[in-house]
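Keep in mind that what you see is a predicted model, and the values were worked out from it rather than measured. Labels below follow one simple rule: chain letters A, B, ... track the order of the sequence lines, proteins then strands, and each chain is numbered from 1.
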2 protein chains.
Amino acid sequence: MNVTIYDVAREANVSMATVSRVVNGNPNVKPATRKKVLNTIERLGYRPNAVARGLASKKTTTVGVIIPDISSIFFSELARGIDDIATMYKYNIILSNSDQNKEKELRLINTMFEKQVDGLIYMGATIGEDHVQQLKTSPVPVALAATIDATETIPSVNIDYEQAAYEATSLLIENGTKHPIYVTGAEDSVVNERKYAGYVKAIKEANKEVNEEYVIKTEFSYESGVDAASKILNITDHPKAVFAATDEIALGVIHGLQDNGINVPEDMEVFGFDNTRLATMVRPTLSTVVQPMYDIGAVAMRLLTKFMNKETVEDQNVVLPHQIVKRNSTKQS
Amino acid sequence: MNVTIYDVAREANVSMATVSRVVNGNPNVKPATRKKVLNTIERLGYRPNAVARGLASKKTTTVGVIIPDISSIFFSELARGIDDIATMYKYNIILSNSDQNKEKELRLINTMFEKQVDGLIYMGATIGEDHVQQLKTSPVPVALAATIDATETIPSVNIDYEQAAYEATSLLIENGTKHPIYVTGAEDSVVNERKYAGYVKAIKEANKEVNEEYVIKTEFSYESGVDAASKILNITDHPKAVFAATDEIALGVIHGLQDNGINVPEDMEVFGFDNTRLATMVRPTLSTVVQPMYDIGAVAMRLLTKFMNKETVEDQNVVLPHQIVKRNSTKQS
DNA sequence: TTGAAAGCGCTAACAT
DNA sequence: ATGTTAGCGCTTTCAA
């Protein structure tokens with residue numbers, strides 16, 4: 001058996017309550033007593049049992065994190081932001097991958113509640129009614145990171161996807177391509193919708209009409225980008241600029257283009273989205289939209305701590321600033 | 001207040017024990033009773049409290065995972081393998097970043113124990129005596145993933161780093177470069193030592209002598225690779241092949257070389273290590289050592305489940321097979 | 001400043 | 001097949 005608070009109390013000739021007080025830094029303990037207790041804690045090698053503490057106090061100092069895929073360069077960066085702030089506020093993180101699978105997402109949320117997390121950070125493209133339902137009846141605070149629910153009723157941290165996509169597309173248009181091609185995933189999410197909306201807005205502003213042939217819906221992967229490049233090259237008289245919904249797609253497009261003897265950006269320009277570390281790990285380096293993944297995670301966690309502390313929060317839906325960074329996959333303008 | 005097992009018992013006219021039995025799938029319950037209980041669980045929206053269960057049963061179905069940096073493409077892949085197998089065995093994961101900081105590592109291990117994890121998976125290059133001490137006196141099973149302690153007394157899952165590095169270097173030598181350059185991090189870890197030993201072995205086999213000028217110790221980052229390329233180019237009459245200790249360094253080297261007008265692999269060859277997703281996301285695609293990160297994580301977790309189940313394990317130090325994959329950053333031989 | 005004692009919600013003998 | 005009853009190790013009133 002392990003040494004318990006009771007053992008310490010007995011050995012130090014004080015009550016459990018006193019030991020508890022010194023362990024928890026309660027100031028109402030005479031220095032001499034504190035010292036005595038601390039000594040026997042040291043001597044016995046006492047280590048508080050967080051589970052027992054959790055049961056008694058109804059706080060686990062643990063937050064749940066549901067993430068689509070931690071091996072994704074995008075989400076792992078977010079997770080890092082979450083964990084750093086969590087650590088700062090003395091929380092630990094239970095991390096689970098959902099693969100954007102609805103059943104699994106719902107099940108995971110429930111598991112997190114069973115484990116009595118003090119709060120939950122949720123990431124996942126498609127938030128249906130059942131998700132919202134389950135999240136809104138949560139016994140603990142919830143925050144969405146880089147995720148938007150249609151009702152916009154759950155606290156969240158994001159950037160202005162529409163505006164960002166609009167700016168990126170506009171830049172390509174200004175650079176001389178009237179109707180850039182858009183390559184994205186065929187995902188049915190609010191974030192994806194907004195990016196598309198921004199693209200459309202820029203196109204309409206310049207051309208009035210959106211040519212569906214120039215919108216390629218595939219998957220959010222490097223390979224899809226490579227494939228998309230071939231498709232693009234097969235379009236007769238294709239536009240000379242491509243806006244990709246993620247950096248990973250953009251990288252694929254660049255390489256797919258290069259594999260076909262096309263020079264980027266001389267022959268064709270490519271613009272990405274996210275500014276993952278990948279963006280500077282290509283030649284030419286990728287012009288892209290800076291989505292501050294780490295910060296989104298960090299701010300989401302910070303927001304959650306406020307809710308957990310029952311602080312009043314001014315704005316539940318945080319919109320972080322984005323940026324446009326021009327590197328070498330687009331022409332200098 | 002939440003609904004407890006006691007409420008369910010009362011409403012269903014059975015004892016807590018019976019409710020506990022149906023919740024835990026104990027077969028010793030009359031089907032009719034089970035159904036009745038299940039109904040009232042449903043009706044009351046009862047959700048078992050895992051913390052209370054943990055206190056009573058001394059099992060939390062949670063394992064700790066200490067990782068240097070989840071945002072690293074290498075470790076996040078490992079983490080994914082861990083979580084998948086954990087999920088398969090009904091465990092959840094408490095994930096914490098250590099940044100390879102000794103103080104933090106030691107503190108995290110302790111926190112994991114306080115939280116009463118049922119097991120611990122540890123990753124981290126430098127395992128000193130205090131780590132070994134703390135890990136060996138662990139109250140729960142521990143497994144190292146892609147990590148080696150000098151005493152080799154803690155269960156672990158790895159590949160044969162020395163052999164892998166030897167093979168990679170030899171391949172470069174066979175391709176015509178008598179003494180390839182080695183670019184690695186200045187990290188003081190067993191894994192790093194072994195890779196270096198493999199490199200040295202191959203060099204000695206071909207030349208008898210190792211030229212220290214051809215060993216560049218920097219950091220494990222893309223940027224370091226880029227910088228290393230310049231250094232290499234500054235070496236008079238430098239070798240025409242580079243073996244990098246990680247893919248990320250290799251990518252940097254390739255781009256640094258290309259930025260200086262060098263063609264890969266025509267002018268210089270580059271070989272990586274790990275086979276992260278990065279390897280196929282460069283042009284030319286990267287020849288590299290396949291270290292099965294996902295599998296290492298998965299096997300480590302599987303190993304841990306065996307220990308947690310008190311199964312007897314034949315070999316505590318698992319060595320997974322590696323592979324050499326030739327892509328386009330080396331010449332066809 | 002300290003102690004006593006009642007839980008927190010559940011599991012696990014032990015009975016029946 | 002089901003119920004009774006101790007705890008699990010800690011926090012938290014409430015008293016003193």
Tell me whether the side-chain N/O atoms of [X] come closer than 4.0 Å to OP1 or OP2 in [N].
X: Thr4(B); N: dG9(C); value: no
X: Ser15(A); N: dG3(C); value: yes
X: Lys58(A); N: dC10(D); value: no

Could you state the [atom1]-[atom2] distance from [X] to [N], rounded to the nearest angstrom?
X: Arg21(A); N: dG3(C); atom1: CZ; atom2: P; result: 8 Å
X: Ile5(B); N: dA12(C); atom1: CD1; atom2: C1'; result: 12 Å
X: Tyr6(A); N: dG3(C); atom1: OH; atom2: P; result: 13 Å
X: Asn28(A); N: dA16(D); atom1: CG; atom2: P; result: 18 Å
X: Asn24(A); N: dC10(D); atom1: CG; atom2: C1'; result: 9 Å
X: Lys36(A); N: dT1(C); atom1: NZ; atom2: P; result: 14 Å
X: Met16(B); N: dG9(C); atom1: CE; atom2: C1'; result: 7 Å
X: Ile41(B); N: dC10(C); atom1: CD1; atom2: P; result: 10 Å

TODO: Tell me, with the steps shown, if Arg10(A) and Asp7(A) meet salt bridge (charged side-chain N to carboxylate O under 4.0 Å, His left out).
DONE: CA-CA 5 Å; Arg10(A) 182 170 31 73; Asp7(A) 301 320; 2.9 Å; yes

Describe the nucleic acid contact of [X] in one word from base, sugar-phosphate, nothing, applying a heavy-atom distance below 4.0 Å.
X: Asp7(A); result: nothing
X: Asn49(B); result: sugar-phosphate
X: Val14(B); result: sugar-phosphate
X: Thr18(A); result: sugar-phosphate

Task: Considering all heavy atoms, the nearest Ser15(B)-Ala9(B) contact - done: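 In this case the closest contact between Ser15(B) and Ala9(B) is C-CB, 3.7 Å.
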
Open item on the list: Does Arg47(B) contact dG9(C) through a side-chain donor or acceptor facing the base, at a distance under 3.5 Å?
Closed with: no

Open item on the list: Is it the case that the side chain of Asp69(A) and the backbone of Ser71(A) share a donor-acceptor pair, with hydrogens and angles ignored and the cut-off at 3.5 Å?
Closed with: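 Confirmed, Asp69(A) side chain pairs with Ser71(A) backbone.
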
Open item on the list: I'd like to know if the side chain of Thr33(A) reaches the main chain of Val29(A), judged simply by a donor and an acceptor atom lying under 3.5 Å from each other, with no hydrogens or angles considered.
Closed with: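 The answer is no, because no donor-acceptor pair under 3.5 Å joins these two groups.
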
TODO: Identify which nucleotide among dG3(D), dG9(D), dC10(C) has an atom closest to any side-chain atom of Ala56(B), counting heavy atoms from C-beta outward.
DONE: dC10(C)

Task: Ala17(A) vs Pro27(A), nearer the 5' end of DNA chain C by closest nucleotide - done: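 Result of the comparison: Pro27(A).
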
Open item on the list: Nearest heavy atom decides the nucleotide; on that basis, is Val19(B) or Thr33(A) closer to the 5' end of DNA chain C?
Closed with: Thr33(A)

- [ ] Indicate yes or no: does Lys90(A) engage Glu114(B) in a salt bridge with an N to O separation below 4.0 Å.
- [x] no

Task: Contact nearer the 5' end of DNA chain D, comparing Lys30(B) with Arg53(A) - done: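 Comparing both residues, the 5'-ward one is Lys30(B).
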
